[in-house]
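Input: a single structure, listed below in structure tokens.
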Amino acid sequence: MSWLDALILGIVQGLAEYLPISSSGHLEIFRDILGLQLSGEDALEFDITLHVATVLSTIVILWKEFVPLCRSFFTFKRDANFYYVLKILLSCIPIAIVGLCFKDFVESFFGGNLTTVGICLLVTASLLTFAYFFRNPAREAGYNIKGIDTRHRFKAHDITWADAFIIGCAQAVAVLPGLSRSGSTIATGLLLGDRRDKIAQFSFFMVIIPILGEALLDIKDMIGGEGSGQAIGFLPLAVGFLAAFLVGCLACRWMIELVKRGGLIWFALYCLAVGVLCIVW
């Protein structure tokens with residue numbers, strides 16, 4: 001892999017991680033376009049590096065919200081921020097089970113299978129479309145169905161414990177390339193009736209722990225001699241990391257505004273078109 005290949009993939013990751021179009025699926029597509037032949041473990045290792053970069057961009061963009069969460073959680077302050085972090089931890093349980101028990105099964109999907117990517121993109125398009133037409137606009141806006149203002153009933157973090165777990169299940173399923181993580185979690189939250197601004201922020205925060213956890217395990221394997229990153233090299237990893245971080249900072253803020261405006265239906269059309277092209281290709 002050259003540094004230019006890594007730059008292109010880093011830009012793709014920075015955009016696709018936040019936009020509901022599947023970062024892992026688009027990395028598979030562009031690896032195929034660039035003619036890159038990576039083993040499943042090498043592809044997964046490179047993807048994790050790029051995902052860590054976008055996680056850091058999340059922390060940078062949402063720094064004002066991130067710091068109070070850490071302060072409340074690590075000081076055991078029993079306020080809304082403390083319980084919000086607990087909900088994030090609850091949402092991570094499904095993907096932790098998938099990662100620990102089905103790691104080999106998940107890795108088998110990272111190998112240039114564009115048919116799988118195309119099918120999953122069609123699923124993403126269907127989910128975004130369903131969430132757009134069957135969401136609960138009244139609750140998102142803070143009103144009940146009779147038009148009575150109920151915004152005073154919603155606190156800063158109005159995602160319930162059950163919502164957090166269900167959204168976490170959506171994140172666990174979205175490990176498949178082509179099934180958008182942000183699209184799946186945000187669409188699930190909208191279907192549950194959560195407010196658009198809150199579910200977007202929750203979706204971006206809930207991926208931090210799984211990605212960093214997977215990165216630590218990957219580093220442990222490399223130190224122990226079990227990693228296989230020799231096929232990639234340090235320079236491509238560094239270039240890809242930097243590109244994903246910078247582009248991710250821009251895409252994170254853009255995506256939050258898009259979710260607030262309810263513009264996800266356009267990404268459903270995009271996923272539909274690209275999914276069909278992948279299957280035909």
Side-chain angles (χ1 to χ4, degrees), residues 12-13 15-33 40 43-44 47 50-51 54 91-99 101-136 163-194 196 199-200 202-204 206-207 210-211 214 251 255 258-259 262-281:
V12 170
Q13 165 65 25
L15 285 172
E17 174 63 25
Y18 296 102
L19 304 182
I21 57 177
S22 176
S23 60
S24 57
H26 276 70
L27 288 176
E28 289 288 350
I29 293 171
F30 275 84
R31 272 196 288 262
D32 189 78
I33 293 174
L44 187 63
D47 290 358
L50 300 187
H51 277 83
T54 48
S91 73
C92 294
I93 293 177
I95 198 170
I97 294 174
V98 171
C101 301
F102 303 100
K103 188 174 186 292
D104 294 336
F105 175 77
V106 171
E107 288 181 356
S108 68
F109 283 91
F110 290 82
N113 188 344
L114 289 189
T115 301
T116 300
V117 172
I119 294 173
C120 289
L121 281 171
L122 295 182
V123 174
T124 298
S126 300
L127 183 60
L128 291 174
T129 302
F130 189 78
Y132 179 80
F133 287 106
F134 293 94
R135 70 194 190 282
N136 188 338
D163 289 353
F165 184 76
I166 295 172
I167 295 169
C169 291
Q171 176 174 249
V173 176
V175 297
L176 300 178
L179 193 56
S180 170
R181 188 207 65 81
S182 63
S184 298
T185 54
I186 292 174
T188 300
L190 292 177
L191 289 172
L192 292 171
D194 294 316
R196 288 178 295 196
I199 187 57
F202 187 82
S203 173
F204 295 154
M206 66 186 290
V207 75
I211 292 298
E214 181 66 27
M255 181 59 183
L258 283 174
V259 173
L264 297 183
I265 188 62
W266 302 109
F267 294 104
L269 297 175
Y270 172 83
C271 289
L272 174 62
V274 176
V276 171
L277 286 176
C278 286
I279 295 174
V280 174
W281 187 281

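Here the structure is a predicted model, which means the values were calculated and not measured. We're numbering straight along the sequence, starting at 1.
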Next on the checklist: Checking Ile21 against Leu15 for the side chain to side chain contact (heavy atoms under 4.5 Å, CB included) test, could you report, in this order, the C-alpha distance in whole Å, the side-chain angles of both residues, the deciding distance, and whether it holds?
Outcome noted: CA-CA 9 Å; Ile21 57 177; Leu15 285 172; 5.7 Å; no

Item to check | Donor-acceptor under 3.5 Å (Thr124 side chain, Gly183 main chain) | outcome: no

Next on the checklist: Can you pull out every salt bridge (charged side-chain N to carboxylate O under 4.0 Å, His left out) where at least one residue sits in residues 169-185? Sequence neighbours excluded, please.
Outcome noted: Glu17-Arg181

Next on the checklist: On a heavy-atom basis, which atom in Asp163 and which in Asp194 lie closest, and how many Å separate them?
Outcome noted: OD2-OD1, 2.8 Å

Item to check | Backbone of Ala187 reached by a side-chain donor or acceptor of Tyr132 within 3.5 Å | outcome: no

Checklist entry - Where do Pro177 and Cys120 come nearest, in terms of heavy atoms and distance? => result O-CB, 3.5 Å

Checklist entry - With sequence neighbours left out, what residues match Tyr270 under ring pair (Phe, Tyr, Trp, His ring centres under 6.0 Å)? => result His26

Next on the checklist: Would you compute the distance between atom CD1 of Ile95 and atom CD of Gln171 and round it to the nearest 0.5 angstrom?
Outcome noted: 4.0 Å

Checklist entry - Quick one: are Ser203 and Ile167 in side-chain contact, heavy atoms under 4.5 Å? => result no

Checklist entry - So how far is it from Phe165 CZ to Cys92 SG, rounded to the nearest 0.5 Å? => result 11.5 Å

Item to check | Audit row: Ile279, Leu121, side chain to side chain contact (heavy atoms under 4.5 Å, CB included) steps and yes/no | outcome: CA-CA 10 Å; Ile279 295 174; Leu121 281 171; over 6 Å; no

Checklist entry - Which distance, rounded to the nearest 0.5 Å, do you find between the NE2 of His51 and the OG of Ser24? => result 6.0 Å

Checklist entry - Is there side-chain contact between Ile29 and Val117, with at least one heavy-atom pair below 4.5 Å? => result yes

Checklist entry - Would you say Ser91's side chain and Gly168's backbone share a donor-acceptor pair under 3.5 angstrom? => result no

Checklist entry - What closest approach, in Å, do Phe204 and Met255 show between heavy atoms, and which atom pair accounts for it? => result CZ-CG, 3.5 Å

Checklist entry - Below 4.5 Å, heavy atoms only, C-beta onward: do Ile186 and Leu264 meet side chain to side chain? => result yes

Item to check | Close side-chain approach of Val175 and Phe102, heavy atoms under 4.5 Å | outcome: no

Checklist entry - Would Leu277 and Leu114 satisfy side chain to side chain contact (heavy atoms under 4.5 Å, CB included), going step by step from the backbone distance to the final call? => result CA-CA 9 Å; Leu277 286 176; Leu114 289 189; over 6 Å; no

Item to check | Test item: Phe130 and Ser126 side chains (from C-beta on) under 4.5 Å apart, heavy atoms | outcome: no

Checklist entry - Would you call Tyr18 and Ser182 a side-chain contact if the rule is heavy atoms closer than 4.5 Å? => result no

Checklist entry - Taking all non-hydrogen atoms of both residues, which atom of Ser180 and which atom of Ala174 are closest, and how far apart? => result O-CB, 3.8 Å

Next on the checklist: Please find the pair of heavy atoms, one from Phe202 and one from Ala164, that lie closest to each other, and give the distance.
Outcome noted: CZ-CB, 3.9 Å

Item to check | Nearest-0.5 Å distance that lies between atom SG in Cys271 and atom CG in Leu128 | outcome: 6.0 Å

Next on the checklist: Let me confirm one number: the CG-CG distance from Leu122 to Leu179, rounded to the nearest 0.5 Å.
Outcome noted: 11.0 Å

Checklist entry - How long is the span from the CG atom in Asp47 to the OG atom in Ser23, to the nearest 0.5 Å? => result 7.5 Å

Item to check | Which atom of Leu191 lies closest to which atom of Ala131, heavy atoms considered | outcome: CD2-CA, 3.6 Å

Checklist entry - Would Leu27 and Leu50 count as a side chain to side chain contact (heavy atoms under 4.5 Å, CB included) if you check the C-alpha gap in whole Å, the side-chain angles of each, and the deciding distance to 0.1 Å? => result CA-CA 10 Å; Leu27 288 176; Leu50 300 187; 4.0 Å; yes

